[in-house]
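One structure below.
Worth knowing before you read on, the calculation uses all heavy atoms, side chains too, and leaves out hydrogens, waters and symmetry mates. Please read all numbers here as calculations on a predicted model, not as lab measurements. Naming: A, B, ... by sequence-line order, numbering from 1 per chain.
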Amino acid sequence: MVMDAAPPRITVKNLDMSYGDFVIMRDLDFTIRRGDIFIVMGGSGCGKSTLLRVLVGLKEPAKGQVLYQEGSLWEVDEDSRDAILRKTGILYQRGALFSSMTLAENIAMPLQQYTRLPAKEIRELASLKLALVGLAGFEDFYPSEISGGMVKRAGLARAMALDPDILFFDEPSAGLDPVSAHLLDELILEIRDSLHATIVVVTHELASIFAIGNNCVFLDVETRTMTASGDPKELLQNTTDANLRHFLTRGEK
Amino acid sequence: MTKKPISQTPPLAACAVTRDGGAVRVALAGDWRMGATIPDVQAVAAALQGSEKPASLTFEAAGVTGWDSRLLAFCLRIMRLAEAAGVAVDTSGLPEGAGSLMDLAVKVPERKGAAKKETAESFLERVGEVALGIGQAVGNLLEFLGEVTLACGNLLRGRAVFQRSQLALLIKQAGLDALPIVSLISLLVGLILAFVGAIQLQQFGAQIYVSTIVGIAMVRVMGAIMTGIIMAGRTGAAYAAELGTMQVNEEIDALRTFGFSPTEFLVLPRLIALVLMMPLLCIYADLMGVLGGFIVGSLMLGINPVQYFSNTWQSVPLANFWIGLVHSTVFGVLVALAGCYRGMRCGRSALAVGQAATSAVVTSILAIIIATAIITVVCNILGI
């Protein structure tokens with residue numbers, strides 16, 4: 001496959017995650033390549049979101065490494081970690097927009113912090129990001145004044161504020177109607193193709209998994225480790241693992 | 001998204017506009033990333049608005065060495081200008097990826113009229129709005145008080161629905177957990193009163209009356225006021241923040257749809273907890289205040305401990321004790337109502353929760369002071 005030729009962007013080695021003494025996932029080993037739409041999938045409560053928190057530097061793993069191109073996320077000092085993470089953007093499950101700011105201000109905040117652009121241009125960039133996610137003209141709205149689907153898209157616009165080359169999505173289609181979820185999937189594909197970004201999606205939405213994912217890892221809640229990785233469409237054809245088959249076929253047969 | 005190595009020259013972006021018959025050609029070159037200085041769209045605007053309207057606008061980007069969102073923002077501005085002038089735009093000349101992003105950006109048309117406009121309001125308009133706001137606030141408050149009264153009626157008839165375990169927890173939080181801070185502050189207030197009194201009374205050799213001053217002041221009003229203010233900052237703010245967060249999380253809506261009355265389920269137990277605990281805390285604060293006075297009296301003024309206590313006991317009329325309890329019960333009601341009212345009327349954002357907590361404390365303290373003034377006047381008229 002062509003994608004396999006792309007250089008690795010994030011490599012996870014021997015990763016264990018725990019809350020206190022309770023290990024929720026162990027022995028995670030996988031590689032996310034440049035240009036991938038990489039799916040982290042698994043049943044509810046298996047540790048998908050925890051894995052995301054480890055990948056974006058919010059939670060320290062119990063053991064193992066998260067290797068970005070620039071260095072090992074949990075072994076470098078804090079400044080280098082911040083520098084690595086500045087190239088990432090995250091869309092949180094519920095948008096996590098700052099409720100006391102308008103949409104434009106939400107997007108402008110990282111730009112004001114990390115660039116020296118004049119206010120007018122920052123405002124213009126904020127409008128551009130909003131236009132990219134289909135929210136042109138909503139600059140002066142507060143997050144409480146727009147619908148859930150729009151909050152998600154505005155969250156994506158904010159995640160893209162600093163032109164990251166890795167985008168993380170936590171349950172992007174949760175709480176969206178099928179059409180909006182489909183449009184968001186299209187948007188994810190479009191962004192990957194236009195920006196050559198690497199995209200990591202945490203989800204259990206089968207329609208999305210098959211529509212956009214070209215690589216994935218399956219976290220099994222029973223064995224508390226990853227039981228499969230690869231192209232989700234191929235996994236559906238070839239897997240012998242009962243739990244994964246169960247998951248990919250919505251529990252039928 | 002850099003596709004080419006960074007050029008060694010300082011980042012400079014260039015934009016050349018040429019008119020080629022009916023077409024305007026915008027040739028972009030240089031580095032268009034975050035650090036770059038980018039040109040103005042003036043030249044493009046001039047070409048679009050020239051005497052002869054162009055038929056189309058094309059981009060050319062052969063000389064672009066690097067780009068990010070800034071190039072896109074620049075092109076978007078040009079495209080909006082072209083759109084306004086009614087000129088067709090061809091984005092195929094833009095760097096790979098940029099063209100499709102531009103198409104994406106203009107796919108959903110800008111929502112006209114969505115952008116908010118700042119409109120200057122006349123003085124009369126503002127006065128009117130404030131007046132309407134006050135009217136609405138009074139209406140809201142009366143509605144809330146009515147709901148609470150109905151809930152209390154249900155409570156007396158034994159029909160109020162709330163969780164007893166929740167009430168026990170609230171009583172512990174409002175009572176037991178408040179003891180350390182109430183101890184500290186009342187003890188210090190007792191000390192301060194004794195100090196201030198001692199300096200004056202020593203001049204007349206009447207040190208023994210320090211016990212009277214501290215006793216009457218603490219028992220009659222200070223104990224109640226200090227606990228009231230502590231509880232406004234501690235518990236009133238907590239109630240507002242808690243109920244406000246429940247409002248944000250739609251928990252209060254969930255209660256409603258289950259057929260629970262939020263007033264009975266949330267406000268009533270908090271009201272009961274504070275009304276029960278405030279008088280007890282007040283009695284405790286009275287004792288701690290007297291103890292503070294005693295420390296100054298016996299250690300600094302050399303008053304005999306037994307004498308100090310017997311003098312306190314004799315010189316503080318029992319009526320003062322009851323007046324203190326009335327104060328604290330009223331404060332309990334006020335603090336609980338202010339906290340719950342602000343929490344229940346909270347907006348749905350983090351900002352609103354902060355405002356609810358702040359205004360709960362301000363309202364409580366204001367209400368405490370006003371109530372004290374009223375009770376004092378009433379006591380004066382009644383001669384107690």
- Contact winner vs chain B - A:Leu130, A:Thr102, A:Leu128, heavy-atom pairs under 4.5 Å: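 So the answer, after comparing A:Leu130, A:Thr102, A:Leu128, is A:Leu128.
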What's the separation between atom [atom1] in [X] and atom [atom2] in [Y], rounded to the nearest 0.5 Å?
X	Y	atom1	atom2	answer
A:Asp193	B:Leu104	CG	CG	11.0 Å
B:Asp68	A:Met160	CG	CE	12.5 Å
B:Leu101	A:Leu195	CG	CG	5.0 Å

- Would you confirm whether A:Asp163, through its side chain, and B:Ser69, through its main-chain N or O, come within 3.5 Å as a donor-acceptor pair?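 Yes; at least one donor-acceptor contact below 3.5 Å.
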- Please list, in residue-number order, every residue in residues 111-124 of chain A that has a heavy atom less than 4.5 Å from any heavy atom of chain B; write 'none' if there are none.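 If one takes a 4.5 Å heavy-atom cut-off, the residues of residues 111-124 of chain A near chain B are A:Leu111, A:Thr115, A:Leu117, A:Lys120, A:Glu121, A:Glu124.
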- Task: Would you indicate whether A:Arg94, at its atom CZ, is surrounded by more than 12 heavy atoms from other residues, nucleotides or ligands within a distance under 6.0 Å?
- Result: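 Open.
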- Query: So with a 6.0 Å cut-off around NZ of A:Lys59, is the heavy-atom count from everything else above 12?
  - Reply: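 Yes, enclosed.
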- Query: Between B:Arg70 and chain A, which part of the residue has a heavy atom less than 4.5 Å away: side chain, backbone, both or neither?
  - Reply: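 For B:Arg70, backbone and side chain are both near chain A.
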- Message: Under a plain distance cut-off of 3.5 Å, with no hydrogens placed, do B:Ser100 and A:Ser194 share a side-chain donor-acceptor pair?
- Response: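 Yes, a side-chain donor-acceptor pair sits under 3.5 Å.
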- Using non-hydrogen atoms only, which part of A:Leu187 is less than 4.5 Å away from chain B: side chain, backbone, both, or neither?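 For A:Leu187, side-chain heavy atoms alone lie under 4.5 Å from chain B.
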